[in-house]
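Contents: one structure, followed by commentary.
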Amino acid sequence: MMYSRIAGTGRYLPEKVLTNFDLEKIVDTTDEWIRTRTGVERRHCVREDETTSDMCVEAAKRAIQKADVDVADIDLIIIGTTSPDLIFPNVATIVQHRLGIPACPAFSIEAACTGFIYALTTADKFIKAGEAKCALVVGAECITKLVDWTDRNTCVLFGDGAGAVILKSSEQPGIIGTHLGADGQYKELLYYPVGASKELHKAGTDEAGIVMAGSEVFKVAVKTLGNVASQALESAGIDQSELDWLVPHQANIRIIQATAKRLGLPMEKVILTVQDHGNTSAASVPLALDVGIRDGRIQPGQLVLMEAFGGGFTWGSVLMRL
Ligand code: UT7
């Protein structure tokens, strides 16, 4: 049996940092409200001329170096993002060219905040099917370019960044289980009202910003993420006490605390980055994974559960040994 295993991770965060105090000067909000309702203290924001592929390239370089692989060995690129540079070509091909990766399948997956989990799951299937041996998988988002900076309900939540992993074929697991889901009936609760075939003329104007019914999204997120986590462990026949780390999507500390509680997991076993990164959508899980690995908390061989939830709704989990 062939498995896939993470051989290296990397992250990139834009230089510019926006604190809650900075936001107090932009909209009618307070540091206290943002911290207590969301857990966010600061977030990174791209420069006007910075793009998703710029961030992917930097995060990927660090993952490639950590995994000690040659770019010539990479035979699959998948990028989870809802904020690609262009409508086409897909951002993975731009990244491929900029990194000098030889011809191989390169595509992006759009599943909002679950984008990285969808991308990693897809790469795992390619490797298990014997169709790839060394994949570059990235979650990246320039989401602050989609935010309406006059809407205090949403603009305080989001940040930019990219997290990358190199996923290699391995005789040892590696990825143990993956579960993806989606339910399109919830579209109205969280969406961006502009796309290639709808309202494109509004893009980049104050007529288009992220639309979110926050407290309703919150309720479904808590319930779904709890179920996703239990399902991942149950189907792998693993007791929750065996779990070393939870690496959750970083939308709101209260959602993360509820998931940890449901798993009976102390918060010391949860990698938290929401305070420093905000909600970086598809980038949040690989960013948190890289933080936990590079600061030495997540050790080789440990059992890690990653999970995410986002617009659609979409959701998913990846259970793995590092
Ligand atoms: O990543 C994809 C999935 N996304 C999520 O999972 C996000 C889920 N939702 C949430 O994290 C939370 O619902 C929010 C953080 C977005 C909002 O927190 P909440 O506790 O659900 O607040 P709320 O939307 O019910 O608003 C409570 C109050 C309202 O005032 P009134 O109507 O009670 O007078 C809002 O107008 O807080 C007000 N409010 C603010 N006040 C100060 C909303 N945003 C702000 C703000 N500063 N930035």
Side-chain angles (χ1 to χ4, degrees), residues 18-43 80-83 110-118 139-144 146-161 163 180-192 209-229 246-260 262 272-275 277-288 306-317:
L18 207 60
T19 66
N20 292 348
F21 299 104
D22 295 327
L23 285 170
E24 286 182 354
K25 294 173 199 142
I26 301 173
V27 285
D28 178 18
T29 191
T30 60
D31 167 63
E32 212 245 329
W33 190 95
I34 304 171
R35 259 189 303 108
T36 53
R37 304 313 294 161
T38 72
V40 183
E41 293 171 26
R42 61 191 70 81
R43 71 286 291 144
T81 187
T82 32
S83 45
E110 182 206 332
C113 300
T114 322
F116 176 76
I117 297 291
Y118 267 65
E141 218 79 77
C142 260
I143 199 141
T144 63
L146 301 182
V147 163
D148 173 358
W149 287 99
T150 65
D151 178 12
R152 72 173 185 173
N153 290 296
T154 53
C155 76
V156 303
L157 307 173
F158 296 99
D160 301 321
L180 299 181
D183 188 343
Q185 72 169 302
Y186 294 106
K187 181 245 162 185
E188 296 301 321
L189 296 187
L190 178 54
Y191 65 99
Y192 186 67
I210 293 170
V211 180
M212 177 162 78
S215 57
E216 285 164 72
V217 176
F218 186 95
K219 282 180 217 143
V220 187
V222 168
K223 191 165 150 241
T224 308
L225 285 171
N227 292 343
V228 162
L246 176 67
V247 182
H249 173 45
Q250 312 277 327
N252 187 316
I253 190 151
R254 292 181 292 136
I255 298 177
I256 298 171
Q257 284 164 337
T259 310
R262 171 113 176 243
L272 270 186
T273 54
V274 67
Q275 68 284 2
H277 300 169
N279 181 349
T280 56
S281 183
S284 90
V285 170
L287 282 171
M306 298 182 276
E307 40 130 63
F309 176 88
F313 292 139
T314 57
W315 59 85
S317 69

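Since this is a predicted model, take the numbers as computed values, not measurements. Just so you know, ligand 1 is whichever comes first in the structure, and atom 1 is the first atom listed for that ligand. In this chain, numbering begins with 1 at the start of the sequence shown. Just so you know, these numbers use all the heavy atoms, side chains as well, and skip hydrogens, waters and symmetry mates.
Among protein heavy atoms, the minimum distance from atom 20 (O) of ligand 1 is reached at Arg37 NH2, 2.7 Å. Considering only non-hydrogen protein atoms, atom 9 (N) of ligand 1 sits nearest to Gly214 O, 3.0 Å. The closest protein non-hydrogen atom to atom 28 (C) of ligand 1 is Trp33 NE1, 4.4 Å. Scanning the protein heavy atoms around atom 29 (C) of ligand 1, the nearest turns out to be Arg152 NH2, 4.8 Å. Protein heavy atom in closest approach to atom 11 (O) of ligand 1: Asn252 ND2, 2.7 Å. For atom 19 (P) of ligand 1, the closest heavy atom belonging to the protein is Arg254 NH2, 3.9 Å. In terms of protein heavy-atom proximity, atom 5 (C) of ligand 1 is closest to Val217 CG1, 3.7 Å. Among protein heavy atoms, the minimum distance from atom 25 (O) of ligand 1 is reached at Ser215 CB, 4.0 Å.
Not a single N or O atom of Thr30, backbone or side chain, sits closer than 3.5 Å to an N or O atom of ligand 1.
The option from Ala308, Ala221, Cys113, Ala112 that lies nearest to atom 2 (C) of ligand 1, judged by heavy atoms, is Cys113.
Considering only heavy atoms from C-beta on, Met212 stays 4.5 Å or farther from Asn153 through its side chain. Between Arg43 and Leu157 the shortest side-chain heavy-atom distance does not fall below 4.5 Å. Put simply, the side chain of Val156 does not reach to within 4.5 Å of the side chain of Val40, judged on heavy atoms.
Between the CD atom in Glu24 and the CD1 atom in Ile26 there is a gap of 10.5 Å [rounded to 0.5 Å].
In terms of heavy-atom proximity, Thr82 sits nearest to Leu146 at O-CD1, 4.3 Å.
Listed by number with element, the atoms of ligand 1 under 4.0 angstrom from any heavy atom of His249 are 1 (O), 2 (C). The atoms of ligand 1 that sit less than 4.0 Å from any heavy atom of Asn153 are 43 (C), 44 (N). For ligand 1, the atoms sitting less than 4.0 Å from at least one non-hydrogen atom of Thr29 are 42 (C), 46 (C), 47 (N), 48 (N), numbered in the order shown with element in parentheses. Ligand-side atoms of ligand 1 in range of Thr38: 15 (C), range being under 4.0 angstrom from any heavy atom.
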* **side-chain contact (heavy atoms from CB on, under 4.5 Å) between Trp315 and Asp183, worked out** => CA-CA 9 Å; Trp315 59 85; Asp183 188 343; 3.8 Å; yes
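With a heavy-atom cut-off of 4.0 Å, Ala251 touches ligand 1 through its side chain alone. Only the side chain of Ile255 comes within contact range of ligand 1, with a heavy atom under 4.0 Å; no backbone atom does. When heavy-atom distances to ligand 1 are checked against a 4.0 Å cut-off, Val156 comes that close only through its side chain, counted from C-beta outward.
Ligand 1 is never approached by Glu216 to a heavy-atom distance shorter than 4.0 Å.
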